[in-house]
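As the structure lists them, so they are numbered: ligands from 1, and atoms in each ligand from 1. Model, not experiment: these values are computed from the prediction. Any value given below was found using the heavy atoms of this structure, including those in side chains, with hydrogens, waters and symmetry copies removed.
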Amino acid sequence: MATSASQTLRTPSLKNPSLSLSSKPFLSSAFSVSIRSRQNRGSRPLLVVVSAGLDAKPTILVAEKLGDAGIELLKDFANVDCSYNLSPEELCTKISLCDALIVRSGTKVSREVFESSSGRLKVVGRAGVGIDNVDLAAATEHGCLVVNAPTANTVAAAEHGIALLAAMARNVAQADASVKSGKWQRNKYVGVSLVGKTLAVMGFGKVGTEVARRAKGLGMHVIAHDPYAPADRARAIGVELVSFDEAISTADFISLHMPLTPSTTKILNDENFAKMKKGVRIVNVARGGVIDEEALVKALDAGIVAQAALDVFTVEPPPKDSKLVQHERVTVTPHLGASTVEAQEGVAIEIAEAVVGALKGELAATAVNAPMVPAEVLTELKPYVVLAEKLGRLAVQLVAGGSGVKSIKVTYASARAPDDLDTRLLRAMITKGLIEPISSVFVNLVNADFTAKQRGIRITEERITLDGSPESPLDFIQVQIANVESRFASAISESGEITVEGRVKDGVPHLTKVALSFAGRSISQV
Ligand SMILES: NC(=O)c1ccc[n+]([C@@H]2O[C@H](COP(=O)([O-])OP(=O)(O)OC[C@H]3O[C@@H](n4cnc5c(N)ncnc54)[C@H](O)[C@@H]3O)[C@@H](O)[C@H]2O)c1
Ligand SMILES: O=C(O)[C@H](O)COP(=O)(O)O
């Protein structure tokens, strides 16, 4: 083992970036930004910029209503076709004449859309956060960049959550319908007060934080559950981070703000409704899929849940005869969380800038995928890319709630000279593994550093240069999370360090070390 060098990751400059908008099929759905082959290594940057290659003005199809400011920005750069309410067939016909497409959540951008574009479609812009209506795998395979607008509707979603909370507590929707039908039922619609009640915010991210802040202003006692949120951010606004069970069992009101991921799907189910206080009230402006809707109907009928207010549904629009929608004690809105004039204007500008930038060949900080990695680079790095993501995922799964993940150290041991091995793809994959399981963000080579920085995660990288043959790019990769509590050290109150390490043998990634070290003592080591 020879030298060791350490450096702190800084977000790379996004000026004059080098994003290749290749129309070739992707080898990996995870990352798809072109990387120069090793022969070209000397001429940085590693990300290759190839302009969109558009000879004439590009054409952008806006398939759902977008704020005027965004349309004006688009028109400065491209021909803009605003065609709303297209049938799937009409969309497929039009798309072959378009370089970019902008949608909200109401348009399904299916595999057929990408296939029909015959390689002309280079960017899909989702004017909002969720991209569940875009077939990302198909986009990636067709070399189409997908960008979204993750921040401009945060406040709107939080305000809608608060609107539903208050409307539910005071039966506003039911009473309105009653008066309009000619009745005057003052005793029937006696509500409950918010002041002094406990609100559990489930998911303390962008929207959850804003809801908590507003609920405090209404005099509520606010607790939150988010295994990955930093405790100091919660403390700063007077919110206590608690366990899932404590949150749902002590709350008078529960407001959902976590992303829909495999681990949050139907997280409110029969088992968890049974743990709640009788008479609890639930608000959901996140995603319909986080609630088992059948279980919610049962909990409403059993009186466990007194009321629910829902903006989102597992299937949208929900069936007309949905028992949940028709339930007397349920207030519903048609996915209006982002629908304010201000948010739509902000989203329109955010998405227009991202789409125009991408068409110009600039790196998009809100990209959710990116074009292909050349075969020769990917072939060599492929098992390490898989290893890197798995190490990130494992490390974050070992973290207990409370203190949050802030400081990551990545060590690469290699016999290659530091200049001979660009670790950005690996670092991005570790970041992807760390962040994706705990958020609604899609992390890729383009946005990994940006996303880590935005979440207050500091990543330092260290290179250990080994003696020996530089044939293989790496000997091992080690990921260390400092100052965290581990799920497996519940008897220990101090925070400590979690270390995971892996190697690639015969092209297959292997986990070679898991170590938990607290207050200088090693708690467990594999
Ligand atoms: N109704 C609407 O119109 C509307 C508008 C905007 C956002 N949304 C939805 O709201 C949700 C939150 O959006 P955001 O922008 O705040 O996202 P975000 O990524 O900023 O926050 C999500 C938070 O959830 C946390 N989390 C992850 N897994 C969790 C778990 N198992 N338990 C508790 N917390 C967990 C993450 O740590 C993160 O802090 C998303 O589902 C988004 O799609 C809906
Ligand atoms: O994901 C989002 O941003 C929200 O759910 C809002 O979606 P919309 O802009 O399609 O209403």
Side-chain angles (χ1 to χ4, degrees), residues 63-67 102-109 125-134 148-161 163-164 200-212 223-230 233-234 241-245 247-248 254-268 272 283-291 309-313 316 332-340 343-348 350-351 366 368 396-397 399 401 404-405 434-443 451 454-457:
E64 285 181 74
K65 183 91 183 75
L66 195 68
I102 296 182
V103 298
R104 286 181 61 186
S105 60
T107 303
K108 222 170 167 42
V109 189
R126 160 66 172 103
V129 184
I131 47 147
D132 33 295
N133 53 319
V134 180
N148 71 349
T151 57
N153 66 25
T154 298
V155 167
E159 288 180 348
H160 197 61
L164 286 178
V201 171
M202 310 299 284
F204 198 65
K206 295 187 291 295
V207 180
T209 303
E210 293 306 319
V211 165
I223 56 175
H225 169 69
D226 187 326
Y228 315 105
R233 183 155 55 81
L241 284 179
V242 298
S243 69
F244 180 84
D245 278 1
I248 62 165
I254 295 174
S255 194
L256 300 169
H257 302 289
M258 67 260 281
L260 182 63
T261 66
S263 61
T264 61
T265 298
K266 295 192 178 177
I267 199 163
L268 294 198
N272 287 326
V283 175
N284 188 8
V285 292
R287 281 292 179 264
V290 300
I291 298 182
L310 312 170
D311 184 45
V312 284
F313 305 87
E316 294 183 2
V332 289
T333 50
H335 201 147
L336 289 181
S339 295
T340 63
Q344 283 313 305
E345 212 57 11
V347 164
E350 198 176 359
I351 203 63
T366 60
V368 293
V396 81
Q397 275 163 27
V399 176
V405 174
L434 286 165
I435 293 179
E436 276 194 356
I438 61 170
S439 83
S440 52
V441 174
F442 290 82
V443 181
T451 308
Q454 204 184 34
R455 288 174 176 259
I457 299 176

List ligand 1's nitrogen or oxygen atoms that come under 3.5 Å of a protein nitrogen or oxygen, with the partner atom and distance.
unit_1   : atom_1 : unit_2 : atom_2 : d
ligand 1 : 1 (N)  : Val285 : O      : 2.9
ligand 1 : 1 (N)  : Asp311 : OD2    : 3.0
ligand 1 : 3 (O)  : His335 : NE2    : 3.4
ligand 1 : 3 (O)  : Gly337 : N      : 3.4
ligand 1 : 3 (O)  : Ala338 : N      : 3.3
ligand 1 : 15 (O) : Lys206 : NZ     : 3.4
ligand 1 : 16 (O) : Lys206 : N      : 3.2
ligand 1 : 16 (O) : Val207 : N      : 2.8
ligand 1 : 17 (O) : Ser440 : OG     : 3.4
ligand 1 : 19 (O) : Ser440 : OG     : 3.3
ligand 1 : 19 (O) : Arg455 : NH2    : 3.2
ligand 1 : 20 (O) : Lys206 : N      : 3.0
ligand 1 : 20 (O) : Lys206 : NZ     : 3.0
ligand 1 : 37 (O) : Asp226 : OD1    : 2.8
ligand 1 : 37 (O) : Asp226 : OD2    : 3.2
ligand 1 : 37 (O) : Ile438 : O      : 2.9
ligand 1 : 39 (O) : Gly205 : N      : 3.4
ligand 1 : 39 (O) : Asp226 : OD2    : 2.7
ligand 1 : 41 (O) : Met258 : O      : 3.3

Minimal heavy-atom distance between Ala234 and Phe204, with the atoms involved, is CA-CE2, 3.6 Å
Of all the heavy-atom pairs spanning Ser255 and Val211, show the shortest one and how long it is.
OG-CG1, 4.3 Å
With sequence neighbours left out, the residues meeting side-chain contact (heavy atoms from CB on, under 4.5 Å) with Val155 are Glu159, Arg214
Let me know which protein residues bring a heavy atom to under 4.0 Å of ligand 2; chain then number is fine for ordering.
Arg104, Ser105, Arg126, Ala127, Gly128, Val129, Gly130, Asn153, Arg287, His335, Ala338
Main-chain N/O of Ala338 paired with Asn153 side-chain donor or acceptor, under 3.5 Å:
no
How many angstroms lie between atom CG of Leu164 and atom CG of Leu336, to the nearest 0.5 angstrom?
8.5 Å
Supply the atom-to-atom distance Ser339 OG to Lys65 NZ, rounded to the nearest 0.5 angstrom.
12.0 Å
For the residue pair Asn133 and Ser105, confirm or rule out a side-chain donor-acceptor distance under 3.5 Å.
no
Please name all residues satisfying ring-ring contact (aromatic ring centres under 6.0 Å, His included) with His225, sequence neighbours left out, ordered by chain then number.
Phe244
Can you confirm whether Ile438 sits close enough to Val405 that some side-chain heavy atom of one is under 4.5 Å from a side-chain heavy atom of the other?
no
